[in-house]
K.L.:
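Supplied in structure tokens, the structure appears directly below.
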Amino acid sequence: MAHIYLTFDFAKDEEKAQHARHKLEGWKQAFRLDKKLLYKIERTGAAPTDGEAKPAKAEKAKGKGKGKTSAAATVEAAPAASNDDIKLLVRLAFSGHEKLSEQRWVQRIPSEDPFQGASPIVVKPGDASFESTEKQFDELA
């Protein structure tokens with residue numbers, strides 16, 4: 001199964017990156033793309049501090065019913081993370097007989113609103129930067 005990578009550079013726009021992440025999650029659920037559409041967010045810039053580690057715990061608490069307190073914690077932590085450059089890496093992994101679906105997603109994702117201004121780059125197998133992009137995607141948590 002060949003992978004296609006889409007790279008989006010949101011610079012320091014945390015809100016737009018989160019909007020894009022939310023849109024991808026909606027597509028994964030609506031179109032049942034669990035293993036066919038994977039994404040990871042890379043933050044480069046300042047080293048992570050204790051303040052950035054706490055919102056991740058607050059997001060986990062969000063699912064337990066403490067929505068208001070954790071939402072307030074993530075809103076307060078957003079300015080701290082705005083110093084980082086944010087890149088979104090999306091991996092499309094369709095099987096050989098799904099070429100048409102794969103082509104439609106490669107065209108659709110960069111044309112949608114939150115992704116347009118993020119300088120989309122499509123990396124296909126055989127491209128010069130494919131191996132480095134694949135390695136970068138695998139290394140992200």
Side-chain angles (χ1 to χ4, degrees), residues 1-64 66-141:
M1 181 180 322
H3 298 135
I4 294 178
Y5 292 95
L6 300 154
T7 305
F8 302 96
D9 187 5
F10 289 100
K12 297 182 185 322
D13 195 354
E14 177 76 27
E15 185 176 327
K16 207 169 207 180
Q18 290 302 323
H19 181 62
R21 183 193 62 80
H22 181 70
K23 193 160 207 133
L24 287 172
E25 276 297 320
W27 286 336
K28 279 179 72 170
Q29 291 177 4
F31 296 105
R32 297 183 182 185
L33 299 172
D34 289 332
K35 295 183 180 173
K36 295 178 184 179
L37 187 140
L38 299 175
Y39 66 89
K40 294 184 180 179
I41 297 176
E42 177 185 21
R43 297 178 193 278
T44 57
T49 60
D50 293 337
E52 292 179 12
K54 292 179 183 177
K57 293 178 184 177
E59 287 180 18
K60 289 179 185 176
K62 192 180 213 179
K64 295 179 183 176
K66 298 180 181 180
K68 289 185 179 182
T69 58
S70 64
T74 56
V75 170
E76 292 172 7
S82 65
N83 294 335
D84 297 343
D85 286 334
I86 302 168
K87 283 189 177 184
L88 178 69
L89 287 130
V90 179
R91 181 175 79 182
L92 298 174
F94 287 91
S95 54
H97 68 280
E98 297 175 305
K99 288 289 184 188
L100 186 58
S101 295
E102 178 181 69
Q103 180 183 7
R104 287 180 179 165
W105 281 106
V106 167
Q107 292 172 353
R108 179 181 186 173
I109 293 173
S111 67
E112 291 288 326
D113 180 36
F115 302 101
Q116 283 178 342
S119 61
I121 300 170
V122 178
V123 181
K124 295 183 178 183
D127 289 350
S129 62
F130 180 78
E131 289 182 20
S132 63
T133 305
E134 189 170 38
K135 184 178 179 182
Q136 180 184 11
F137 186 84
D138 291 338
E139 290 176 353
L140 290 174

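The model shown is predicted, which means the values in this text are computed figures rather than measured ones. Only this structure's heavy atoms are used, side chains among them; waters, hydrogens and symmetry mates stay out.
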K.L.:
With a 4.5 Å cut-off on side-chain heavy atoms, are Thr133 and Ile121 touching?
P.N.:
no
K.L.:
Any chance you could measure Lys23, atom NZ, to Gln18, atom CD, to the nearest 0.5 Å?
P.N.:
14.5 Å
K.L.:
Using 30° and 60° as the class boundaries, would you call the ring planes of Phe10 and Phe115 parallel, tilted or perpendicular?
P.N.:
tilted
K.L.:
Do Leu92 and Leu37 come close enough that some side-chain heavy atom pair is under 4.5 Å?
P.N.:
yes
K.L.:
Taking side-chain hydrogen bond (donor to acceptor under 3.5 Å, both in side chains) as the definition, give me every residue that meets it alongside Glu25, ordered by chain and number, with sequence neighbours left out.
P.N.:
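Residues passing side-chain hydrogen bond (donor to acceptor under 3.5 Å, both in side chains) with Glu25: Tyr39.
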K.L.:
For the side chain of Asp127 and the backbone of Ser129, is there at least one donor-acceptor N/O pair under 3.5 Å apart?
P.N.:
no
K.L.:
Between Lys12 and Asp84, does at least one N-O distance fall below 4.0 Å, as a salt bridge requires?
P.N.:
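Salt bridge: no.
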K.L.:
Restricting to pairs with a member in residues 90-109, which pass salt bridge (Lys or Arg N to Asp or Glu O under 4.0 Å), not counting sequence neighbours?
P.N.:
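Every pair satisfying salt bridge (Lys or Arg N to Asp or Glu O under 4.0 Å) with a residue in residues 90-109: Lys36-Glu98, Lys99-Glu102, Arg108-Glu112.
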K.L.:
Taking the side chain as every heavy atom from C-beta outward, state whether Lys135 and Glu139 have any atom pair closer than 4.5 Å.
P.N.:
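In short, these two side chains touch, coming nearer than 4.5 Å.
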K.L.:
Kindly indicate, with the supporting measurements, whether the criterion side-chain contact (heavy atoms from CB on, under 4.5 Å) is fulfilled by Ile86 and Ile41.
P.N.:
CA-CA 7 Å; Ile86 302 168; Ile41 297 176; 3.8 Å; yes
K.L.:
Has Lys40 got a side-chain atom pairing as donor or acceptor with Phe137's backbone, closer than 3.5 angstrom?
P.N.:
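Yes: the side chain of Lys40 pairs with the backbone of Phe137.
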K.L.:
Determine whether Glu42 and Leu89 satisfy the following criterion, side-chain contact (heavy atoms from CB on, under 4.5 Å), listing intermediate values before the conclusion.
P.N.:
CA-CA 8 Å; Glu42 177 185 21; Leu89 287 130; 4.2 Å; yes
K.L.:
Is there a side-chain contact (heavy atoms from CB on, under 4.5 Å) between Ile4 and Trp105 once you walk through the steps?
P.N.:
CA-CA 10 Å; Ile4 294 178; Trp105 281 106; over 6 Å; no
K.L.:
Tyr5: what forms a side-chain hydrogen bond (donor to acceptor under 3.5 Å, both in side chains) with it, not counting sequence neighbours?
P.N.:
none
